[in-house]
Amino acid sequence: MGFWLRFNLLVFTIAILSTPVLSDLILSKVDRRIDLTSQIVRITSTLKVENAGSGLVSEVLLAFQSFRLKIWYLMATTNEGKGKTKSAGVSLPVEIANPKGMPPALTVYSVSLSKALGEGDTMSLDVLAVFTHTLKPFPEKITQADIQLVLFQDSAYYLSPYAVKFQSLSIKLPDARIESYTKIENTKIHGSEIKYGPYENLHPFSYSPLVVHFEINQPFAVAQELVREIEVSHWGNVQVTEHYNIVHEGAKSEGEFSRLEYQARPHIRGSSAIRHFVAKLPPRAHSIIIGMKLGIYQHLICGLILKELLIEPRYPMFGGWRTAFIIGYSLPLQDFLFELEGKRFLNISFASPINDLVIDNLVVKVVLPEGSRDLSVSTPFPVKQRQESKISHLDVVGRPVIVLEKADVVPEHNQYFQIHYSFNKLSMLREPFMLISGFFFLFVACIVYVHVDLSISKSSASYLAKLQWDEVRATIQQVESIINQCLATHEKIEASLRDLSRIGDVQACKTTRKTADGLLKEHSKELKPLLAFLQSSPAAANILPKVEELVAKERELQERWMAKHSIIVDCYEKKLGGREIENRVAPQQQKVVALRQEVEDLLEYIDEI
Amino acid sequence: MADPENAKEATTLRYAFGNVLSFFILLLIGVLAFWIRLFSVIKYESVIHEFDPYFNYRVTQFLTKNGIYDFWNWFDDRTWYPLGRVIGGTVYPGLTLTAGTIWWILNSLNIPLSVETVCVFTAPIFSAFASWATYLLTKEVKGAGAGLTAAALLAMVPSYISRSVAGSYDNEAVAIFALIFTFYLYIKTLNTGSLFYATLNALAYFYMVCSWGGYTFIINLIPMHVLLCIVTGRYSSRLYIAYAPLVVLGTLLAALVPVVGFNAVMTSEHFASFLVFIIIHVVAFVYYIKGILSPKMFKVAVTLVVSVGLVVCCAVMAILIALVASSPTKGWSGRSLSLLDPTYASKYIPIIASVSEHQPPTWPSYFMDINVLAFLVPAGIIACFLPLSDASSFVVLYIVTSVYFSGVMVRLMLVLAPAACVMSGIALSESFSVFTRSIKFQLHGLSGSSQVDSGDASSSTVVAQNDAGKAEKTEDTAKERPSKKSKKKEKGIVDKPSLKAKIERRLLVLPFEASIFAILLLVLLGAFYVVHCVWAAAEAYSAPSIVLTSYSHDGGLHVFDDFREAYAWLSHNTEVDDKVASWWDYGYQTTAMANRTVIVDNNTWNNTHIATVGTAMSSPEKAAWEIFNSLDVKYVLVVFGGLVGYPSDDINKFLWMVRIGGGVFPHIKEPDYLRDGQYRIDSQATPTMLNCLMYKLSYYRFVETDGRGFDRVRQTEIGKKNFKLTHFEEVFTTHHWMVRIYKLKPPRNRIRGKTKKPRSKTSSTTRTKRSAATKRNPWH
C-alpha cells in the first residue's frame, strides 16, 4: 500500500497548496453509486452544484485519478427540472481539461453547462463514468479450483476540486464472498452492498483510500480486436460480419487444467471460466452463422425468437486464455436504411451485440454499394475515420468503404450512428445488365466461332482436301437420301400389293405401279450427276465402289420389285389361288429380302464414313 | 413422301440432336459427379478433411500469399523440428498450383472466394473433369454410347468418391483426371497418328507427374502396351508417333518437376520406357529397311542386324543391370518395391506398413469400392476382344495391371476404378445394344406375323425394323468407328472384321422374353449400383474425420469436435514458437490448424526422427521427458478414444510406435509390450506397457471418470489405474477426452528435488526411474 500512502500524501499536500480555488462552486450534495457486479465498473454520481461565489460559471470540473487511464465512457446529464422532466436529461459535452495548478495525479474533465450558473444558483448533474480494467485480480494467478478474487480501489470521499458539503457512497458487489473492505467511520454493510457515509463538509481534494477485495465470477471477456463489417446491398439486405478476438482478462490460470474436474464439478472447478457469450441480435436478424477459424462452429444454441444468441467457445475459457470467432447475420434493409431529401442514410448500431464485452479496439467497416457518392458520417461520439474501397462480386471500380475506428469501447457505446450518401437508383441495374451482356457475348462468340472458317491457310493441301471431302460427303448424303426415297417407293408398291391381296383392286395397284415407275425413273435421273461428280472427285475414290455397289444393288432391287409386282398382278388377273401366287413369288421374294438387306448394310456402311 | 431436301435435313437434324443430347448427358454427368461429392459439405460443413489435405491446404495458402517463386524456395521450419523440410522440392506441386490458379483467376475476376473454399471444391470439380475424360477415352475405344455409360459410372464410383469428396483436397483428386486424360490422349494419338495429340499427351503426362507419384504407372503401362503391340505385329507409324514423343518430351518435362528431377532418368521405375524406346526404334528401322529392300536382300539384312543387335542389346542390358545392382534397393523406391513384392514393406519398412491405406485390400473392400463393376468387368474384357483393336488392347492391359496393383495396396484401388468403369461401360452399352436390337427385331417380328397370310410379311418386318432401328443403329455403328481408324490405308483389312461383326450381329438375336428380362436385370443392376454409390457417398466416405458424429438413442445427432477444439486451444493459448510432439499422423493437422511447430508429420521422410518420437512414447516417463526436452518440445499431444469409443486412437497405433522406434533404437523391444504375443492394456499387460509414456498420458486420471477405468475401445478395464505424472502436467483435455495435451514440466530444482524425495511416490515411479536409468536416451 506504499503507493497509496504516497498518493494520499501527495493529494493532501496539493489540496493544501492549491488554495486558490478554481471557482466558487460548491457541491452541496454528492451521491455516488459504484456498480461492481461485472468487469465493467460503472460509477454514477449525482452532484448538486451550487454557485457560492459571484459571477457566472459555465463549466464544472470532474477529477479522476490518472492511473485509471481507462475511463472509457463519460456522460454527464443535467436534471434541471424537478420531478416531471427528470427523465429527459440533457447530455452535456465533456472534454478533457488541464487547468493550471491541478496535481498531475489527477485527470480533469470539464463539463460545459448549457446554461451558466448565476450567483446562488443550483443545478443537479448526473455523471456516469464507466471504467474497465480497474478490477485487479488478486491473486493474479489462480488454479482451476480457485475462485477469482479482485481488488477495487477508490476514494471513500468524492474526489473533487470543489468543497463537498454532504456526500454518500454505496458500492454494489456481486452476490458472493467479500474478502475484505476498508472500514472507516460510517461504514455499513448490507448484504452485498457496502455503504460509506454520509460525510459532511469536506475540503476540496479530500481523499480517503478505499479498497474492496471480493469474489467475482463474471466473465472478464475483452475483445482485443473486433472488426465489424457492415455490407449494404440495395437488393434488400444488410450483412453484418463480426470478427472477434477475445481474451479472458481475469486472474490468469496456472497449473493443470483437468477436464475431469471441470466436468464433474463445473461450478466449483471452473467457476471463473467463460462458458458462453450471449449476443442480443436485432429483432429481425436471420441467416445467422457462427464461424471459427477452423470451420463453421457446430454447437450453436440459439433462441431465435428472442434473438439471443448463445455462443459457446470451443473450450471453456480460463483466465488468460484466448479464442477467436466470427458472427455473421443478415438484417432486412428497410429497418436500417432510410431516405431523406433524396439522400439515403444508414442507421445502425455501433458496437458489438455481445453482452458485457469490453472492446479494446473496434473497427467498423461500412461497405456501401458501388456507385455511392457524397458520403458523410455522423456518430454520437468522436471516432477516427477513413475511407477505402473494396472490390467484390461484379465490381468495376470498387465499393466505397467507410472505416470507423475507436479504441476502448464499452456497451454504453452501443448507439446508433448514421451514414448519409446518395445513390442513383439506376445503378442497381448495372450488375444484372453486366451479367446478361456477359452471357450474350459468350453466346455470340460461340455462334461466330461455329460459323467462321478459322483455318489459317486457304490454299494448303489439307484444307482443300477437307473442302473436297465435305463436298463428297454432301453428295453421298444426297445419294443416300435418294436411295432412301427409292426404298420408300418400294414400300408403296408393297403396300399396294397388300391392298391388292385384301381388296383385290387390280386397277388401283396398276396406277400405283405407274406412279412408282415414274418416281423411280426420276430418282435414277437425279442420281446420275451425283455419281458423275463422285467419279470425278479424287477424294471420293475410297467410297466410290461402295456407292456404285449401292446404286447397282438398288437398281436390282427395283427390278425385282417390278418383277414381283407384275407377277402378283398377273396372278390376280388370272385369278390364281393364294398358294399358287406364293409359290410363284417365293423366289423373287427371297431375292428381294436379301437385296434389301444388302442395300441396308451398304447404306449403314456409307453412313459411318 | 419426303423430298430429298427434307430427308437430308432429317439426317443432319438427327446427328445434331444426337450431339446435343450427348452434350447434355455429359453436362448432367458432370453435375452429378460434382453434386454427389457435396454430401460432406451438406452433412458436415465446408471443411478440409483428414490429414494430408491439411498439408496441401497449408501449402496452397502459402502459395497464394507469397507467390510461386517463394513457393519453390520454401523451407518450412514449422515441421520436422529441428531439421525442417524443403517443401518446394519435396512436394508434388500439381494440386497446389491448380487450386492456386483457380483461386487467382476467381480473385482477378473479383469473386472473393477464400482459399479454403477453393480447396474444398477442387476435388469435386476435377471429378467432373475426370468423368468427361473417361467419356473421351471410352469413346476412342468403343464409341460414344460406351463412353457415356463409362462416364456415368465413373461419376459415382465409390472408390473415386472416397478420395474426392468435397474437402478431400488431396493429390489423387486431380491425379485421376490427369491419368485418364493422359490415357485418352495416348489412345487418341494412336488412333489418329497426329503429332498434335502426341504433344498434348506429353503435356498431360507432365501434369500427371506434377500431381501424383502414381505417374510411374503411366510410364510403365504405356511402354507395356507398345511392347504388346510390337510383339503382336501391330506396329504402325501411329504407334511410333504415340510413343516416341511421349518418352522424349515427357521425360524432359518430368525432370522439370523438382520432386522428380533426375529421378526421371535415374530410377528403375523409368527404365522400362527407355528400353521400349530403343526397341521401337529398332522395329521402326527394320520396317523401314523392309520397305526399301527386296525380300531377299531383307533376309540377308535381318541376319546381319539380328547378330549385331543382339550384341548391342547384351551390352546395354549388362550396363543396366550393373547400374541397377549398384544401388542398395536395386534402384527401386520402397513404395514401388512393395508393389512388386507385397510382403516387402511389412518385412523391411514398418513406416510404410503402418499406414492402413498401404495394406492389401480385403474382398469386401472390392465390393464396397467398385460394387457391381466387378461383375461387369469380365464382360467388358470380352467385348474388347470383339474386335480387338490397338485401343481396346490398351484398355485390357490397363485393367489387368491395375487389378494386380489394387490387390497389393488398398490405395491403388483408385487406379483400378477408372479401368473398371471403362470396362463396365463397354459391357453395359454392348449388352444393352444387343438386347434392345433383339427386342426391336422380335417386336417387329411379332407384329409382322399377324400379316403372314399376305405372304410378304417378312420383308415388311425387315423394312420396318430397319426404319425404326435407325437411331439405334447409328449408335451401334459409331462403335466400330475407331476400329477403322485410318480410312485411307487399311480399308481392306478393316472391312473384314466389320462385315464379320455385322453377320454376327444378325445372328445375335435373342428371344424376346429373354432380352426383356435381361434388360430388366441390367437396369436393376444399374439401379443397385446407383443406390450403393449414393449410400457410399453419403454415409461411408463423406465424414471429414476431424469432425465425428454419432446418433444417440433418441435419434439426436451428437457432434465430436474434439480435434478442432484441441487445435484451436493450441493455436490460441500457446506461444507461437512452442513445439508440439505427437505421433506423426497429427503432424499436418497441427501445423495447418494450430500453426505450431511439430517434430514429425505425415510426410514420413525421416525414419529416425519418427523412431525417436516412437521411442519417447514407448519409454517410461523420465526417459521420455529427456528425449522430448532434448528436442525442445513443450507440449505433447495424444489422441485417446477410450472414453467415447473412438477406435483409431494412439493406444491402438501404439504397437507401430514401438516397432518403428525399435527399428532404430534397439532397446525398445516389441515383446516387452506384449503378453504372450497379445497386445493388451488390462491388468494382464506387461509392466513395460503399463509404465510407458503413451499409456500414462492416455489414461491419466481416466479411472476417476467411472470409478473403474473401463476403456470402451478395448472393452476392458485398464491395468494400472491410479498413478501420478511427475514430469508432465495436463494442460488441456477436450470435451470428449479425445485429445489430451500435456506440458513438459520444467526441470526440477536439483537440491529441492533431493531433499523433497517424496515418500508418497508409488513403487511404480521408482521402478520407472530405475528402468529409465538403464535405458539410453537416443539423443545423448
Side-chain angles (χ1 to χ4, degrees), chain A residues 255-260 262-264 292-299 313-315 320-324 391-396 474 477-478 480-482 484-485 487-492 494 497-498 501-502 519 526 542 564 578 581-582 585 589 592-593 596-597 600-601 604-605 607-609, chain B residues 1-8 10-12 45-48 110-112 116 451 453-456 458-460 462-463 466 473-474 477-478 480-481 484 487-488 491 498-499 502 546-547 559 561 564-569 571-573 593 701-702 704-705 729-735 737 740:
Chain A
E256 292 199 341
F257 161 65
S258 166
R259 174 68 70 168
L260 179 84
Y262 178 73
Q263 274 170 343
M292 302 257 166
K293 190 182 142 209
L294 311 170
I296 295 160
Y297 194 52
Q298 296 274 344
H299 305 275
R314 284 195 196 277
Y315 40 86
W321 289 15
R322 293 154 193 279
T323 192
I391 293 187
S392 183
H393 302 277
L394 298 172
D395 285 346
V396 180
Q477 267 184 359
Q478 278 175 11
E480 271 181 36
S481 71
I482 290 171
N484 275 331
Q485 280 167 36
L487 292 180
T489 324
H490 297 168
E491 261 169 63
K492 262 191 205 165
E494 195 189 350
L497 286 178
R498 229 178 288 140
S501 70
R502 220 173 46 230
L519 271 175
E526 278 171 23
N542 288 318
K564 183 182 166 191
I581 295 173
E582 243 172 73
V585 172
Q589 180 63 35
V592 163
V593 172
R596 173 95 202 196
Q597 190 54 53
E600 292 276 329
D601 280 353
E604 224 170 75
Y605 179 80
D607 243 7
E608 276 170 31
I609 295 163
Chain B
M1 279 302 276
D3 52 302
E5 289 243 323
N6 238 342
K8 189 188 164 193
T11 48
T12 47
E45 60 188 277
S46 168
V47 70
I48 309 271
N110 289 345
I111 301 173
E116 191 186 3
Q451 301 167 347
D453 55 325
S454 71
D456 46 17
S458 59
S459 73
S460 78
V462 175
V463 174
N466 274 323
K473 241 164 247 160
T474 47
T477 48
E480 261 120 330
R481 197 171 297 159
K484 316 175 188 123
K487 302 146 212 158
K488 290 176 189 169
K491 185 112 292 171
S498 94
L499 278 180
K502 246 163 232 172
I546 60 158
V547 187
V559 180
D561 206 2
R564 288 193 295 180
E565 185 182 340
Y567 294 132
W569 187 87
S571 82
H572 288 303
N573 299 313
M593 282 201 264
R701 299 190 74 179
F702 178 60
E704 291 168 53
T705 52
E729 63 176 355
E730 184 186 13
V731 284
F732 189 71
T733 297
T734 57
H735 191 241
W737 289 52
R740 311 191 72 179

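Sequence lines set the chain letters: A, B, ... in the order given, protein chains first and strands last, and positions in each chain run from 1.
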Exercise. Look up atom OG1 in Thr733(B) and atom CZ in Phe257(A), then write down how far apart they are to the nearest 0.5 Å.
Key: 6.5 Å
Quiz item: Top residue by heavy-atom pair count (under 4.5 Å) with chain B, among Val396(A), Leu394(A), Thr323(A)?
Solution: Thr323(A)
Self-check item: Partners passing salt bridge (Lys or Arg N to Asp or Glu O under 4.0 Å) against Glu730(B) (at least two apart in sequence or in another chain)
Solution: Arg740(B)
Quiz prompt | Heavy-atom pairs under 4.5 Å with chain B, option from Gln263(A), Arg259(A), His490(A) with the top count | solution = Arg259(A)
Quiz item: Do Val731(B) and Glu256(A) touch side chain to side chain, with heavy atoms closer than 4.5 Å?
Solution: no
Quiz item: To the nearest 0.5 Å, what is the distance between NE2 (His572(B)) and CZ (Arg314(A))?
Solution: 8.5 Å
Exercise. Could you look at Asn573(B) and say if it's the side chain, the backbone, both or neither that has a heavy atom under 4.5 Å from chain A?
Key: side chain
Quiz item: Is the side chain of Asn110(B) donor-acceptor paired with the backbone N or O of Ile391(A) at a distance under 3.5 Å, no angle test?
Solution: no
Quiz prompt | Interface moiety of Leu519(A) toward chain B, non-hydrogen atoms closer than 4.5 Å | solution = neither
Quiz prompt | side-chain hydrogen bond (donor to acceptor under 3.5 Å, both in side chains) partners of Trp321(A), counting only residues at least two apart | solution = none
